[in-house]
Amino acid sequence: MEQELLDGRVLVKVGDLTKEDVDAIVNAANSGLMGGGGVDGAIHRAGGRAILDECKRIRETDWPEGLPTGRAVITTGGDLKARHVIHTVGPVWSGRPGKDEQLASCYTESLRLAADQGLRTIAFPAISTGIYHFPKDRAARVASAAVKAFLEENDSIEQVRFVFFSEGDARTFLENSGF
Ligand code: AR6
């Protein structure tokens, strides 16, 4: 299942994010940047040691206390088809105020980093909707609004992909997205 939106600048699809042939895939990481479960584990397994080595360097030089929620950093894609991985830290869902803004920041910061590096195609997972339990419909509204606003301001990014593990997740996104 694939659906183009915004004249092809947005693509919603079902698949394995680690297989996407784009300039960068986005990792739903944690602040330690040392890998984990979910999509983070899959990216480190598929991309190999080079990604972890760069994450360690970033921790030592830029973020000794860990990457804060809503921020993003970029590394090599290692053995992945994607040349780069952008690591961002989504909020852990709790229902407290500020979670939507943190999630929106993950998308905006990742896109800003990609644009700053001259990257043109970027693929996102549904950040925070797995182990971090952010409600999927709410995440769809937040993510789509953040990406739409960014694309309206920036024309260097050619395509943003939303890659879902299941057809049901892709449908939930399409039903709630504001594209
Ligand atoms: N391709 C596309 N989507 C995937 C893939 C994949 N290969 N694998 C999982 N998903 P999660 P989070 C979907 O848990 O909620 C890690 O331990 C999944 O179905 O990966 O942000 C980190 O280290 C879900 O919809 O990320 C953090 O500690 C979405 O990706 C923590 O989990 C995100 O699920 C981050 O939790």
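Atoms within each ligand, like the ligands themselves, are counted from 1 in listed order.
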Out of [options], whose heavy atom sits nearest [atom]?
atom                    : options                       : answer
atom 17 (O) of ligand 1 : Gly130, Gly37, Ala29, Gly15   : Gly37
atom 24 (C) of ligand 1 : Ile43, Thr129, Leu103, Ile127 : Thr129
atom 12 (P) of ligand 1 : Ser166, Ser128, Gly32, Ala46  : Ser128

Thr75 vs Cys55, side-chain contact (heavy atoms from CB on, under 4.5 Å): CA-CA, chis, key distance, verdict: CA-CA 7 Å; Thr75 66; Cys55 284; 4.1 Å; yes

Is any heavy atom of the protein nearer than 4.0 Å to atom 2 (C) of ligand 1? yes

Out of curiosity, Arg161 CZ to Phe124 CZ, how far, rounded to the nearest 0.5 Å? 13.0 Å

Going from CH2 on Trp93 to CG on Asp100, what distance comes out if it is rounded to the nearest 0.5 angstrom? 6.0 Å

Please confirm whether Tyr107 and Phe150 have ring centers closer than 6.0 angstrom. no

Closest approach of any protein heavy atom to [atom], naming residue and atom:
atom                    : value
atom 32 (O) of ligand 1 : Ile131 CD1, 3.3 Å
atom 10 (N) of ligand 1 : Phe165 CD2, 3.8 Å
atom 20 (O) of ligand 1 : Val39 N, 2.8 Å

Numbered atoms of ligand 1 (with element) below 4.0 Å of [X], judged on heavy atoms:
X      : value
Ala28  : 21 (O), 22 (C), 26 (O), 35 (C)
Ala126 : 29 (C), 33 (C)
Asp40  : 22 (C), 23 (O)
Gly36  : 17 (O), 23 (O)
Gly38  : 20 (O)

Where [X] and [Y] come nearest, the two heavy atoms and their spacing:
X      : Y      : answer
Ala24  : Ile86  : CB-CD1, 4.0 Å
Ala140 : Phe173 : CB-CD1, 3.6 Å
Gly90  : Cys106 : CA-SG, 3.6 Å
Arg9   : Asp155 : NH2-CA, 3.6 Å

Is it the case that the side chains of Asn176 and Asp137 hold a donor-acceptor pair, with the cut-off being a distance below 3.5 Å and no angle test? no

Below 3.5 Å, N or O to N or O, backbone or side chain included: is there any such pair between [X] and ligand 1?
X      : value
Ala42  : no
Asp16  : yes
Tyr132 : yes
Leu17  : yes

Step by step, would you call Arg71 with Val89 a side-chain contact (heavy atoms from CB on, under 4.5 Å)? CA-CA 6 Å; Arg71 301 297 296 269; Val89 183; over 6 Å; no

